[in-house]
Visitor: 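My structure is below; once you've seen it, I'll send some questions.
A note on names: the letters A, B, ... follow the listed sequences, proteins ahead of strands, and every chain is numbered from 1. Since this is a predicted model, take the numbers as computed values, not measurements.
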Amino acid sequence: QSVLTQPPSASGSPGQSVTISCTGTSSDVGAYDYVSWYQQHPGKAPKLLIYEVYKRPSGVPDRFSGSKSGNTASLTVSGLQPDDEADYYCNSYAGRSNFVIFGGGTKLTVL
Amino acid sequence: QMVQSGPEVKKPGASVKVSCKASGYHFVNFGVAWVRQAPGQGLEWMGWISAYNGNRDYAQKFQGRVTMTADTSTGTANMELRSLRSDDTAIYYCARCDRLGLSWLDPWGQGTLVTVSS
């Protein structure tokens with residue numbers, strides 16, 4: 001099954017900003033504006049942060065923002081807080097053949 | 001919210017059925033997707049079903065081995081996986097999704113641990 005490419009790890013100090021990339025192809029990320037981002041703390045279920053590239057569900061702080069350029073989507077976390085330390089996953093619609101695919105995940109460490 | 005059934009232990013070759021009870025929203029207006037996570041690994045999309053019309057799509061990897069159903073009378077979605085192997089050991093999550101199954105997954109169930117072991 002196809003997997004979107006994310007860096008395995010990212011880090012930043014409290015108050016700083018960090019950006020996590022999610023690289024796909026012209027058949028998934030580049031073709032559709034159906035990219036979502038999820039946060040997962042250890043032992044917990046994932047939580048939706050961003051959907052349709054840049055939209056935030058109610059209750060998600062505006063410190064979390066999403067964007068896309070070509071085949072790469074990005075999640076930016078501004079004003080890092082200790083509780084932001086978690087795993088982050090992107091996913092994208094990939095057409096009728098693969099439907100939905102996930103990235104491999106990025107472990108964010110707040111130094 | 002989405003509340004899932006309890007942990008399961010199965011032998012190789014057996015089948016498992018995981019249920020997911022939805023509440024707090026109009027069940028038929030959305031879909032339910034299933035995602036699994038092997039120990040220490042990332043998320044893997046398995047498929048989804050529309051509670052509106054029963055349409056479903058499965059990831060190619062699971063086609064022929066998985067069946068997803070949705071009972072609109074009880075607001076419950078079920079996922080059955082057959083011919084279990086040891087590498088099917090994982091936490092299985094259900095999540096509400098948009099009506100076309102293309103976009104967001106929210107909220108997620110608490111997860112159901114399925115252990116496949118002889």
Side-chain angles (χ1 to χ4, degrees), chain A residues 1-9 20 22 24 28-29 31-60 64 66 68 73 86-107, chain B residues 1-5 7 18 20 22 24-25 30-50 55-63 65-66 68 87-88 90-113:
Chain A
Q1 187 174 6
S2 303
V3 174
L4 305 174
T5 300
Q6 297 182 235
S9 63
I20 299 170
C22 170
D28 39 68
V29 174
Y32 307 99
D33 287 337
Y34 290 118
V35 176
S36 299
W37 290 89
Y38 301 87
Q39 177 192 61
Q40 186 180 35
H41 286 108
K44 301 293 188 182
K47 172 191 171 185
L48 177 67
L49 290 178
I50 298 288
Y51 68 102
E52 292 171 14
V53 178
Y54 63 89
K55 299 176 182 178
R56 264 190 318 275
S58 61
V60 174
F64 296 92
K68 189 182 86 167
D87 293 326
Y88 292 81
Y89 294 91
C90 63
N91 81 352
S92 174
Y93 177 63
R96 295 299 302 170
S97 57
N98 289 316
F99 217 82
V100 173
I101 53 176
F102 275 95
T106 298
K107 182 176 181 59
Chain B
Q1 61 174 349
M2 314 291 275
V3 179
Q4 298 183 222
S5 51
V18 180
C20 173
Y25 71 94
F30 299 91
V32 176
W34 292 88
V35 176
R36 77 177 187 179
Q37 186 171 36
Q41 302 300 310
L43 302 175
E44 182 175 30
W45 188 86
M46 298 180 66
W48 82 291
I49 181 168
S50 167
N55 284 352
R56 67 208 75 185
D57 290 278
Y58 302 143
Q60 290 181 5
K61 174 177 180 177
F62 300 102
Q63 284 185 6
R65 215 161 59 95
V66 71
M68 295 176 187
D87 62 358
D88 289 318
I91 297 174
Y92 289 76
Y93 293 102
C94 66
R96 184 182 64 162
C97 64
D98 63 289
R99 186 182 278 200
L100 297 179
L102 310 179
S103 183
W104 47 264
L105 302 174
D106 180 58
W108 294 56
Q110 81 276 21
T112 296
L113 176 61

Visitor: List the steps and the verdict of side-chain contact (heavy atoms from CB on, under 4.5 Å) for B/Glu44 and A/Val3.
Guide: CA-CA 9 Å; B/Glu44 182 175 30; A/Val3 174; over 6 Å; no
Visitor: Which residues in residues 103-112 of chain B have any heavy atom lying under 4.5 Å from a heavy atom of chain A?
Guide: B/Ser103, B/Trp104, B/Leu105, B/Asp106, B/Trp108, B/Gly109
Visitor: Take atom CZ of B/Phe30 as the centre, draw a 6.0 Å sphere, and report whether it contains more than 12 heavy atoms from other residues, nucleotides or ligands.
Guide: yes
Visitor: Can you tell which part of A/Tyr34 gets under 4.5 Å to a heavy atom of chain B, answering side chain, backbone, both or neither?
Guide: both
Visitor: So which heavy atom on B/Leu102 is nearest to which on A/Phe99, and how close?
Guide: CD2-CZ, 3.9 Å
Visitor: If the contact rule is any heavy atom under 4.5 Å from chain B, which residues of residues 36-46 of chain A qualify, in numerical order?
Guide: A/Ser36, A/Tyr38, A/Gln40, A/Lys44, A/Ala45, A/Pro46
Visitor: Look at B/Gly101, B/Ala33, B/Gly47, B/Ala95 and state which one has the largest set of heavy-atom pairs under 4.5 Å with chain A.
Guide: B/Gly101
Visitor: Over all heavy atoms of both residues, which pair between A/Asn98 and B/Trp45 is shortest? Give the atoms and the distance, please.
Guide: O-CZ3, 4.3 Å
Visitor: Using heavy-atom distances under 4.5 Å, tell me whether A/Ser92 contacts chain B through its side chain, its backbone, both, or neither.
Guide: neither
Visitor: With a 4.5 angstrom heavy-atom cut-off, could you sort out which part of A/Asn91 is near chain B: side chain, backbone, both or neither?
Guide: side chain
Visitor: Between A/Ser97, A/Gly104, A/Gly105, which has the largest tally of heavy atom pairs under 4.5 Å with chain B?
Guide: A/Ser97
Visitor: Taking the side chain as everything from C-beta on, heavy atoms only, tell me whether A/Phe102 gets closer than 4.5 Å to B/Val35.
Guide: yes
Visitor: Which atoms of B/Gln37 come close to chain A, meaning under 4.5 Å heavy atom to heavy atom: side chain ones, backbone ones, both, or neither?
Guide: side chain
Visitor: Would you say OH of A/Tyr54 has more than 12 non-hydrogen atoms from neighbouring residues, nucleotides or ligands within 6.0 angstrom?
Guide: no
Visitor: Need one label for B/Leu100: side chain, backbone, both or neither, based on atoms under 4.5 Å from any heavy atom in chain A.
Guide: backbone
